[in-house]
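In what follows, every chain begins at residue 1, and chains take the letters A, B, ... in the order their sequences are listed.
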Amino acid sequence: MINLLDNLNEKQREAVIKTEGPVMAIAGAGSGKTSVLTTRIAYLIFEKNVHYENILAITFTNKAANEMKYRVHHTTGINTSQMWISTFHSMCAKILREHIEFLGYKRSFQIIDDDDVTQLIKGILKKSGYDVKIYNPKVVKSYVLKLKFNYDLLEDIEEPFKSVVKSTFKKYQDSLFDNNLLDFEDLLVLTIKLLETNHELRKFYSKKFQYILVDEFQDTNNVQYKLISLLVGEKNNLFIVGDEDQSIYAFRGANIENINKFKRDYPDFHLVLLEENYRSTNTILDAANQIIKNNSKRVPKTLFSNLGKGSKITHFKGVTARDEVEFVALKILELIRKGYKYNDFAILYRANSTSRMFEEVFMQKQIPYRIYGNTSFFKRREIKDFTAYLRLIVNMDDAYSFMRVITTPKRGIGAVTLDKLINFAAEEGLDLMDAIDRASEILGKSVCTKLADFKNLIIDFRIKLDELSFNDFVDYILNESGYAKSLENDDKGMVRYENLLEFKTILSENEQIYSDLTKEDILVYLLEDISLKSEESQKEIKDGVTLMTLHSAKGLEFRVVFLVTMEMGMFPLNRSMQSKKDFEEERRLMYVGVTRAKELLFLTNANVRQTYGETSQNQDSCFIKEISNNLLNVKGYYEYIDKPYKEVNFFSNKTLNKAKKDNLRNYKKNNLNKGDKVTHTKFGTGLVISITGDNCIIAFSHPYGIKKLLKDHPAITKN
DNA sequence: TGAGCGTACGCCCCG
DNA sequence: CGTACGCTCA
């Protein structure tokens, strides 16, 4: 066998062979952390004769888990589908699927996503008679979810929200339990509950997982930390890898303090520092270092590599957002001619919605691409409709799916009928399906028939699940439910139907993979997969430009990276600029983005862009200014801004004229002075407190308060 | 009951 | 600019 350690440097080797006891590896960006993790797993198996079933590796994203599985398989030849290499959430799902009956749930529980949670909470609020305009379901949801991790936080909420949240929390929990549903928080919380209340089980798992590895440790939250503590056995063979500079998930509860907690809880830990970077040129690393050093409260760390200086970083500023996108597209085509592959490129943005502009232009220019994120296959309406059918078939208690399915497609059963049915079911202590049998006690004859027809339809589907092949089963549901027919009147119907056929393929694939399970179990596993991997794109493109958020780019690397929409308000986001904590997280996000690039890095933005259908003008992102000029090559807007237009050859006259008009429109002078009273289209009346450069500070009345704005912004008018 | 239309509102990142 | 929701009318 080839020596596993041959390709590692001294520090990396140390991180691999120190297999016993707690180990903390601080791994800078690009320091070969994934190699260390995979080699360590291989080393445990081959050198320490540890059985692969006794290893647990936890990653943060599905993508990272897949990558690790692939690499472990590559180095060890082991069939990694049997190994516990997974995200926290899928690990929990796996444990709960086996043992959740101990907590009173049924094994066929279904996992719901964030949108479902919002809908459920909204429904509860409405039913309780709360005005959802005042008690925004999303706000209530965020409180409710926080309470799941720590109920004491209820005391921090102020009235009248406090009582609303309190009652909604209770009702929400009950409704999840009654419907046999779990949200993402439940996956963690219930696993902890299971391990804490069932000592046999805890003993079993902590004995089973003799070696635990946790990737991206800086992004774990308190609950995940607790979960790890419960699983770690007596020998404390816990290996964690992290980098505080890449902590970008505080918004969902990640707690950097966990690093200190680890130091306290495992005082005899061994520390390894991985600082040498194997990814990027020194120009890129210098820029990254210059940016991140502006953050307070960090252990100073400087990345270096021996990959040479490399090319300068390009800052391109377009006149409009369209120009920005065109530049990226043309630059990609230019580099393709020089021998780069589409796979070498990544376009990274702060918000998923940015992808649309790129999609348009890439389609037009026939640049192959793949988008990771939001508009994922499994979040499409038709797919959610169809999975609701499947969920109801395996889990008839699921009132949530029931409500979706019974009105999709419309079958003459409306809100009034359903309200009556729900109330009746609640009064009589029945579930909805049983309530249908007694519906004649409260409802007219014709609706009762419709309800009974619906119930029979679902029961029939349940029977057909065992009788038909999955392929036929899908067709059967689509036709018999009337869903296929309802698509005929939908102008996107064709696309939706094709998406559903795609789904058919996925089902058939699973039929082969899990051939030893019952059809029902296959369906349960499949639905679980869908909930946990909702971010996965539907089809793989062999060679294509990657479009993704900065968040999902963590852990990945590309030869050429474009960081786009580099403007104040876009990145860093407006909302983050209120608090230092949030702002520094944005900076870490920038650091993550920059360090994804191996050879070439482009920072792009535009002078004007459309947001919410309005033209807005933002300054360059402050993060660009944190990079010293000698590393930057500035192109676009700044080059020609003072020159006659004919000298500019990059832009078409059309875009230029439009931009010119936009510019003129934007450049109307408000002529503000300190002490002026103004009216803002959004914030109402205010008083100008001060003026500095292009900006001014205006005090608006409650709830807007003091804002820093562009003094000539069209939204402002002098009174 | 539900199709069709007009209005309001959105503010982000993930499993 | 989009979409989601609510209101009106058939």
Whichever of R575(A) and T417(A) has its nearest DNA chain B nucleotide further upstream toward 5': T417(A)
Sugar-phosphate, base or nothing in reach of K122(A), heavy atoms under 4.0 Å: sugar-phosphate
Under-4.0 Å side-chain N/O to phosphate OP1/OP2 contact, K126(A) with dG6(C): yes
Closest-nucleotide ordering on DNA chain B, the 5'-leading residue of T549(A) and K133(A): K133(A)
Ring pair (Phe, Tyr, Trp, His ring centres under 6.0 Å) partners for F169(A), two or more places apart: Y151(A)
Sugar-phosphate only, base, or nothing, as touched by E185(A) at under 4.0 Å among non-hydrogen atoms: base
Below 4.0 Å: OP1/OP2 of dC13(B) and any side-chain N or O of K554(A): no
Partner set under ring pair (Phe, Tyr, Trp, His ring centres under 6.0 Å) for Y349(A), not counting sequence neighbours: none
Quiz item: cation-pi between R587(A) and F623(A), 6.0 Å / 45°: no
Interface polar pairs with nucleotides 7-10 of chain C, N/O, under 3.5 angstrom:
none

Pairs meeting criterion side chain to side chain donor-acceptor pair (under 3.5 Å) with involvement of residues 122-137 of chain A, two or more places apart: S128(A)-K171(A)
Heavy-atom pair of closest approach, residues K63(A) and M548(A): NZ-CE, 3.8 Å
Interatomic distance, F88(A) CZ vs dG15(B) C1' [rounded to whole Å]: 12 Å
OP1 or OP2 of dC14(B) under 4.0 Å from side-chain N/O of S552(A): yes
Base-pairing string, 5' to 3', of DNA chain B - Watson-Crick or wobble, under 3.5 Å, | interstrand: ||||||||||.....
Value in whole Å for how far the C1' atom of dG15(B) lies from OH of Y249(A): 9 Å
Euclidean distance, atom NE2 of residue H551(A) to atom P of dC13(B) [Å, nearest integer]: 9 Å
Sugar-phosphate, base or nothing in reach of R356(A), heavy atoms under 4.0 Å: sugar-phosphate
Ring-face cation contact, Y249(A) with R252(A), 6.0 Å cut, 45° max: yes
Plane angle bin for Y389(A) and F386(A) - parallel if under 30°, tilted between 30 and 60°, otherwise perpendicular: tilted
Sugar-phosphate, base or nothing in reach of N574(A), heavy atoms under 4.0 Å: nothing
Interatomic distance, K148(A) NZ vs dG15(B) P [rounded to whole Å]: 19 Å
Any side-chain donor near an acceptor of the partner, E567(A) and S621(A), under 3.5 Å: no
Sugar-phosphate, base or nothing in reach of L187(A), heavy atoms under 4.0 Å: nothing
Sequence neighbours excluded, every pair satisfying side chain to side chain donor-acceptor pair (under 3.5 Å) that has a member inside residues 218-227 of chain A: E196(A)-K226(A), E216(A)-Q218(A), D219(A)-K554(A), T220(A)-N258(A), N222(A)-N255(A), Y225(A)-D265(A)
Separation of atom CG in N66(A) from atom P in dG15(B), rounded to whole Å: 11 Å
Sugar-phosphate only, base, or nothing, as touched by K450(A) at under 4.0 Å among non-hydrogen atoms: nothing
T118(A) and K138(A) side chains, donor-acceptor separation under 3.5 Å: no
Nearest-angstrom distance from the residue atom CG of L227(A) to P of dG15(B): 18 Å
d(CG, D115(A); P, dG15(B)) in whole Å: 14 Å
Nucleotide dC5(C), atom C1' - distance to CZ of R381(A) in whole Å: 13 Å
Inter-nucleotide P distance (dC11(B), dG6(C)), Å rounded: 16 Å
